[in-house]
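The structure under discussion appears below in the form of structure tokens.
Keep in mind it's a predicted model, so treat the numbers as computed, not measured. Residue numbers begin at 1 in each chain, while the letters A, B, ... track the order of the sequences.
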Amino acid sequence: MSNEAAPQAPVQDLPEQVANRRANRDRIVALGHPAYPNRYDATHLVSDIVQAYAPLSHDELEAIPEEKRRVRVPGRILAIRRMGKKAVFVDLSDGREKTQSYLRQDALTSEDWQLFECLDLGDHVGVSGVVFRTKMGELSVRAEKLTFLAKSLRPLPDKWHGLTDVEVRYRQRYVDLIASLETRRVFEIRARLVSHIRRFFDARGFLEVETPMMQVIAGGAAARPFVTHHNALDLPLYLRIAPELFLKRLVVGGFPKVYEINRNFRNEGISTHHNPEFTMLEFYTAYADARDQMALTEELFRGAAQEILGTTDLAWGKTEKGEPEHVLRFGEPFRRLSMRDAVLEYGAGRVAAEDLGELATLRAAALRVGVESPERFGESKGKLLAELFEAVAEEHLVQPTFIVDFPAEISPLAKTRPENPEIADRFELYVAGMEIANGFCELNDPDEQAEKFRAQVGERDKGDLEAMHFDDDYIEALSYGMPPAAGEGIGIDRLAMLFTGSASIRDVILFPLMRPKALR
RNA sequence: GGGCCGUUAGCUCAGCGGUAGAGCAUCUGACUUUUAAUCAGGGGGUCCCGGGUUCGAAUCCCGGACGGCUCACCA
């Protein structure tokens, strides 16, 4: 903003309400008040007043000496109800709760009354006075002194309908937050979720770490990265698509339990389930396998729901009547289903067991369920099975379900089952038709890992932009010996969607990526 | 990227070929315990942008911008 000349429009050219507010700000300054003072000596926030005094009746309040219920409370003005020239009710908000203040001309100095005359909806003020109940029973602060705290130069959204323009809600989240308690609730729940996760892992002896977000090789997942450049080193760098390979280096280094909660960046499409930057929890447990991680995951989700929402039954979706379409039951054991069985169960009538054996029959089945040009997945039966799964089963996995027994071909960082080298010891958790978590027993044989990297490089040479690079340094790390370990990634944004009943990932990200409005 | 839908006052919306409207907000006036306060009156518009059709376009057609949903891709 500072590099462009932003000429201030003449007052007469401003929108009417902005011009009025600027004029009021000038008047306030003329009355001797700073327009934007540095501090206010508050005794209570609005919520503190509600908490402390709401339980008390009119008589109980009056029984308390006035000097014991004298407060100084700051807040944003959300409503002004004038009762003639000499009395007025002003609603004050701290963002969370509201309380009203009763201003009488004869209880204020004439200077303070003049100040009141210059106030607009949205301004911040401090009210000093005595807590009481009106004859309508409303908890109020009878103002004795008024302090100006900050001017709002723009009008707030409609007090009744709020802000419904989705675009403005995302672009100007601060306005959304002012206007919508529900939006505020979503982000409070998200914060409590992250906080719960930290406490959960800390309590179990996991060490929270931070690993590079800028990487020379963007590894640990199949995705296209963002590219950037370090000037002093003249070095191309990638924003990470996953922390995985660094976290496992730490397991090699002797931290048997580590976790990280941080941003990943993937240069791919945007949708109701995808934002280019998203928050991922990854955690690694030495000496554990996929089965152990699944148990830990159930425990984490169940405890979080109980603590944050007070129930393990989560409402999801809305019917036409406005009732929840589903109740996600986190209290019951999560179903476990092999990818193969999921395809057969949800593709019943379209896909049969004998289709899954040969390349040709897999391709035919894929075509039948709507996968376009299945030959683009090459000769990989594993990729075709995964495609079938996504086409046929994914959207139906509403209740928490672990999909297990992934094809080894699409799991280049995972160990295979001891009894079957074609099946990875891997799982993904699906809830509400979304992939929420992905975990597996980590491949720790450096030679086998090198082999799988080479196969990935082969895929990349054939044009798969999401195939992995060969990471020499990671192979070297493994060659020092990594204990058996299982790892897992959990998408925090999607989990927050489940916990808040949000249909779009943009509703749980404060500032989702938006295309710039216009380049001037 | 494809399809469908949306963009009108600060906000929420109506108007869909014939002089641009309502509620809230704003301004003026009445009211010293109201709470979506009430009552009376006034002001406020690049109808997203650019073309076209028409005597006449917010409205119809074409192109574009931004957004939502959805399909494709992904986590």
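Contacts of A/L156 with the nucleic acid, taken as non-hydrogen atoms under 4.0 Å apart, are absent. Counting any heavy atom pair closer than 4.0 Å across all strands shown, A/M514 reaches sugar-phosphate atoms only and no base atom. Using a 4.0 Å heavy-atom criterion, one finds that A/G162 contacts the sugar-phosphate atoms exclusively. The residue A/N275 sits close to a base: some heavy atom pair falls under 4.0 Å. Within 4.0 Å (heavy atoms only), A/R81 reaches at least one base atom of the nucleic acid. Residue contacts for A/A179: at a heavy-atom cut-off of 4.0 Å it reaches no nucleic acid atom on any strand shown. Within the nucleic acid shown, A/L121 comes within 4.0 Å of sugar-phosphate atoms alone, with no base atom in reach, counting heavy atoms only.
Here the side chains of A/T401 and A/V431 are not in contact, with every heavy-atom distance at 4.5 Å or above. Between A/P243 and A/N262, every side-chain heavy-atom pair lies at or beyond the 4.5 Å cut-off.
Inspection of the A/Y284 and A/E282 side chains reveals an N or O donor paired with an N or O acceptor under 3.5 Å. At a cut-off of 3.5 Å, with distance as the only test, a side-chain donor of A/R27 or A/N24 sits close to an acceptor on the other residue. In summary, the side chains of A/R169 and A/S180 do not present any donor paired with an acceptor at a separation below 3.5 Å, with no hydrogens or angles considered. A/T279 and A/R190 share a donor-acceptor pair across their side chains, judged by distance under 3.5 Å alone.
The interatomic distance linking A/W160 (CH2) with B/rU35 (P) rounds to 13 Å, in whole Å. In this entry the distance linking CZ of A/R154 with C1' of B/rU26 reads 16 Å, nearest Å. Counting to the nearest Å, the P atom of B/rC31 and the CZ atom of A/F89 are 16 Å from each other. Rounded to whole Å, the distance from CZ on A/R224 to P on B/rA72 is 18 Å. Atom CG of A/N267 is separated from atom C1' of B/rA75 by 14 Å (rounded to the nearest Å). Following rounding to the nearest Å, A/F132 (CZ) and B/rU34 (P) show an atom-to-atom distance of 11 Å. As a whole-Å value, the separation of A/R21 CZ from B/rC11 C1' is 12 Å. Rounded to whole Å, atom C1' of B/rC71 lies 16 Å from atom CD1 of A/I270.
Comparing the same atom, C1', in B/rG51 and in B/rG41 gives a spacing of 43 Å after rounding to whole Å. Going from the C1' atom of B/rC24 to that of B/rA75 covers 43 Å, rounded to whole Å. B/rA40 and B/rG63 are spaced 49 Å apart, taking the C1' atom of each and rounding to whole Å. When the P atom is used for both B/rA20 and B/rC48, the distance is 15 Å, rounded to whole Å. Rounded to whole Å, the separation between the P atoms of B/rC39 and B/rU35 comes to 11 Å. When the C1' atom is compared between B/rU54 and B/rC60, the two are found 10 Å apart, to the nearest whole Å. On the C1' atoms, B/rU70 is 33 Å away from B/rG17, given to the nearest whole Å. Spacing between B/rG52 and B/rG45 at atom C1', rounded to whole Å, works out to 24 Å.
Of the residues in residues 94-105 of chain A, those lying under 4.0 Å from RNA chain B by heavy-atom distance are A/Q100, A/Y102, A/R104.
Note: A/Y259 and A/F200 fail the aromatic proximity criterion, with ring centroids not under 6.0 Å apart.
B/rC60: Watson-Crick or G-U partner is B/rG52, with both key distances under 3.5 Å. Within the shown strands, B/rC39 is the pairing partner of B/rG29 under the Watson-Crick or G-U definition, both distances less than 3.5 Å. Nucleotide B/rA22 is matched to B/rU12 when pairs are restricted to Watson-Crick or G-U wobble geometry with both distances under 3.5 angstrom. Under the Watson-Crick or G-U wobble criterion, with both distances below 3.5 Å, B/rC69 is paired with B/rG3.
Applying the 4.0 Å criterion to OP1 and OP2 of B/rU35, one finds that A/R133 has every side-chain N and O outside that range. Taking only side-chain nitrogens and oxygens, A/R515 never comes nearer than 4.0 Å to OP1 or OP2 of B/rA65. At B/rU26, none of the side-chain N or O atoms of A/K159 fall inside 4.0 Å of OP1 or OP2 (strictly under the cut-off). One finds a side-chain N or O of A/R376 lying less than 4.0 angstrom from the OP1 or OP2 phosphate oxygen of B/rC73. Of the side-chain N and O atoms in A/K86, none sit less than 4.0 angstrom from OP1 or OP2 of B/rC31. Note on A/R506: every side-chain N or O is 4.0 Å or more away from OP1 and OP2 of B/rG67. Residue A/S140 places no side-chain N or O under 4.0 Å from the OP1 or OP2 atom of B/rU33.
The two residues A/V508 and A/D493 come nearest to each other via the heavy atoms CG2-O, 3.4 Å. In terms of heavy-atom proximity, A/S380 sits nearest to A/E409 at OG-OE1, 2.7 Å. Contact record, A/R21 with A/L121: NH1-O, 2.8 Å, taken as the closest heavy-atom pair.
Between A/I80 and A/D120, the residue whose closest nucleotide on RNA chain B is further toward the 5' end is A/D120. Where A/A503 and A/E372 each meet RNA chain B at their nearest nucleotide, the meeting point lying more 5' is that of A/A503.
By the salt bridge (Lys or Arg N to Asp or Glu O under 4.0 Å) test, A/K248 is found to be paired with A/E244, A/E442, residues two or more places apart in sequence or in another chain being considered.
Ring stacking holds between A/F278 and B/rA75, with the centres under 5.5 Å apart and the planes within 30 degrees of each other.
Here B/rC31 is the nucleotide among B/rC66, B/rG44, B/rC31 with the atom lying nearest to any side-chain atom of A/R82. Listed candidates were B/rU34, B/rA75, B/rG29. Nearest to the side chain of A/E268 is B/rA75. Set against B/rC66, B/rA75, B/rC11, the side chain of A/L163 has B/rC11 as its closest nucleotide. Distance from the side chain of A/T164 is smallest for B/rU12 among the nucleotides B/rU12, B/rU34, B/rU26.
Under 3.5 Å, the side chain of A/T134 and the base of B/rU34 form at least one donor-acceptor pair of N or O atoms. Residue A/D165 places no side-chain atom within donor-acceptor reach of the base of B/rG67, judged by atom type and a 3.5 Å distance cut-off alone.
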